[in-house]
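What follows is a single structure, written as structure tokens, with notes after it.
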Amino acid sequence: MDGDTLKEKILNEMVVDYSDALEKNYALAKKFIRITKDGKVDILFKDKLTGTEKVSLYLIGKLYAKRAGLAETEYADNKELTNELGIPMNSLRPWLMTLRNENKVHTKSNGRKASHAIMINAVEPILNTINGKIEVQQHGTAESNKVS
């Protein structure tokens with residue numbers, strides 16, 4: 001195999017385009033995320049989600065907001081997450097630690113202030129997991145309504 005053929009294979013089969021991952025998962029993301037014109041992210045089904053799922057969806061929303069030109073960055077700091085999700089800081093920190101340990105979130109820090117972004121390779125698995133969970137919950141609710 002010559003160098004040009006290998007180069008072509010790498011470019012065609014191994015290179016990841018972040019916008020493709022967002023586009024591929026757009027319909028699924030739209031089921032759970034809304035973005036305002038000023039770049040704020042709104043999470044649907046909050047009452048059915050765990051803390052780590054809420055944080056994950058919020059950060060996925062930030063990726064879409066950045067891609068749409070509605071947000072300057074895909075990163076959210078702790079204050080933004082606590083304010084926008086309505087969760088206390090002492091709950092947020094363990095959820096972020098879990099997401100970092102699972103390689104789903106990247107954290108950058110400049111002194112005391114840390115900002116977080118979702119890893120692009122985590123978008124699809126997170127959305128699929130949440131979708132399965134919500135569908136099961138909705139199916140269970142529909143079944144219990146039929147029985148009543």
Side-chain angles (χ1 to χ4, degrees), residues 9-148:
K9 282 182 124 176
I10 292 168
L11 291 173
N12 291 333
E13 299 172 20
M14 293 178 76
V15 173
V16 177
D17 182 354
Y18 292 150
S19 61
D20 284 351
L22 295 179
E23 188 171 334
K24 177 182 176 188
N25 293 289
Y26 173 78
L28 200 49
K30 195 170 87 166
K31 290 172 78 171
F32 309 111
I33 301 166
R34 295 292 180 268
I35 302 168
T36 65
K37 291 184 181 191
D38 61 351
K40 297 214 182 260
V41 177
D42 187 30
I43 305 300
L44 308 177
F45 304 104
K46 273 187 193 173
D47 59 327
K48 298 181 186 299
L49 301 171
T50 67
T52 56
E53 290 168 339
K54 290 176 197 176
V55 172
S56 297
L57 282 178
Y58 186 87
L59 294 174
I60 290 170
K62 288 289 286 191
L63 274 178
Y64 281 98
K66 168 108 170 44
R67 180 76 171 113
L70 298 172
E72 288 183 28
T73 180
E74 69 274 20
Y75 285 86
D77 63 24
N78 292 352
K79 184 176 180 183
E80 179 180 348
L81 290 167
T82 58
N83 290 345
E84 296 300 321
L85 294 172
I87 54 177
M89 186 67 71
N90 61 347
S91 295
L92 176 65
R93 286 190 177 119
W95 297 338
L96 285 168
M97 184 178 297
T98 297
L99 291 168
R100 277 193 305 271
N101 290 343
E102 294 173 352
N103 293 317
K104 293 178 181 174
V105 167
H106 172 262
T107 299
K108 66 179 184 179
S109 177
N110 59 354
R112 290 182 45 100
K113 190 173 183 180
S115 297
H116 318 280
I118 201 79
M119 303 290 276
I120 194 68
N121 62 337
V123 171
E124 187 169 355
I126 289 168
L127 290 172
N128 283 329
T129 299
I130 292 171
N131 187 52
K133 175 181 178 175
I134 298 297
E135 283 182 353
V136 165
Q137 290 175 351
Q138 289 177 335
H139 181 71
T141 302
E143 289 298 315
S144 66
N145 288 341
K146 285 181 188 175
V147 174
S148 307

Original post:
With T82, which residues qualify under side chain to side chain donor-acceptor pair (under 3.5 Å), at least two apart?
Top reply: none

Subject >> Set of residues satisfying side chain to side chain donor-acceptor pair (under 3.5 Å) with respect to N128, sequence neighbours excluded >> reply: none

Original post:
Rounded to the nearest 0.5 Å, how far apart are OG of S56 and NE2 of H116?
Top reply: 12.0 Å

**OP:** Could you tell me the separation between the OG1 atom of T52 and the CE atom of M97, rounded to the nearest 0.5 Å?
**Re:** 13.5 Å

Please enumerate all residues that pass side chain to side chain contact (heavy atoms under 4.5 Å, CB included) together with [X], with sequence neighbours excluded.
X	result
K113	D77, N110
K104	L99, E102, A122, I126
N131	L28, K31, F32, E135
D38	T36, K40

Taking the side chain as everything from C-beta on, heavy atoms only, tell me whether [X] gets closer than 4.5 Å to [Y].
X	Y	result
I134	K48	yes
R34	V41	no
L96	L81	yes
V55	I118	no

Tell me the closest heavy-atom pair linking [X] and [Y], and the distance in Å.
X	Y	value
A71	G39	CB-O, 4.5 Å
K37	L70	O-CD2, 3.4 Å
A117	L59	C-CD1, 4.3 Å
I35	A65	CD1-N, 3.6 Å

Original post:
Any chance NZ of K79 has more than 12 other-residue heavy atoms, nucleotides or ligands included, within less than 6.0 Å?
Top reply: no

**OP:** Please assess M119 against V105 for the test side chain to side chain contact (heavy atoms under 4.5 Å, CB included), listing each intermediate value before the final yes or no.
**Re:** CA-CA 5 Å; M119 303 290 276; V105 167; 5.6 Å; no

Original post:
Under the side chain to side chain donor-acceptor pair (under 3.5 Å) rule, what pairs show up with a residue in residues 89-101, not counting sequence neighbours?
Top reply: R100-T107

Subject >> Qualifying residues under salt bridge (Lys or Arg N to Asp or Glu O under 4.0 Å), relative to K133, sequence neighbours excluded >> reply: E53

Original post:
Listed by chain and number, what are the salt bridge (Lys or Arg N to Asp or Glu O under 4.0 Å) partners of K62, not counting sequence neighbours?
Top reply: E80

**OP:** Go through the steps to decide whether L44 and I33 satisfy the test side chain to side chain contact (heavy atoms under 4.5 Å, CB included), and finish with yes or no.
**Re:** CA-CA 6 Å; L44 308 177; I33 301 166; over 6 Å; no

**OP:** Evaluate side chain to side chain contact (heavy atoms under 4.5 Å, CB included) for N25 paired with I60, printing each intermediate quantity in order.
**Re:** CA-CA 10 Å; N25 293 289; I60 290 170; over 6 Å; no

**OP:** If a pair satisfies ring-ring contact (aromatic ring centres under 6.0 Å, His included) and one of its residues is in residues 48-88, list it, with sequence neighbours excluded.
**Re:** Y75-H106

Original post:
Given K66 and E72, is the salt bridge (charged side-chain N to carboxylate O under 4.0 Å, His left out) satisfied, shown in steps?
Top reply: CA-CA 6 Å; K66 168 108 170 44; E72 288 183 28; over 6 Å; no

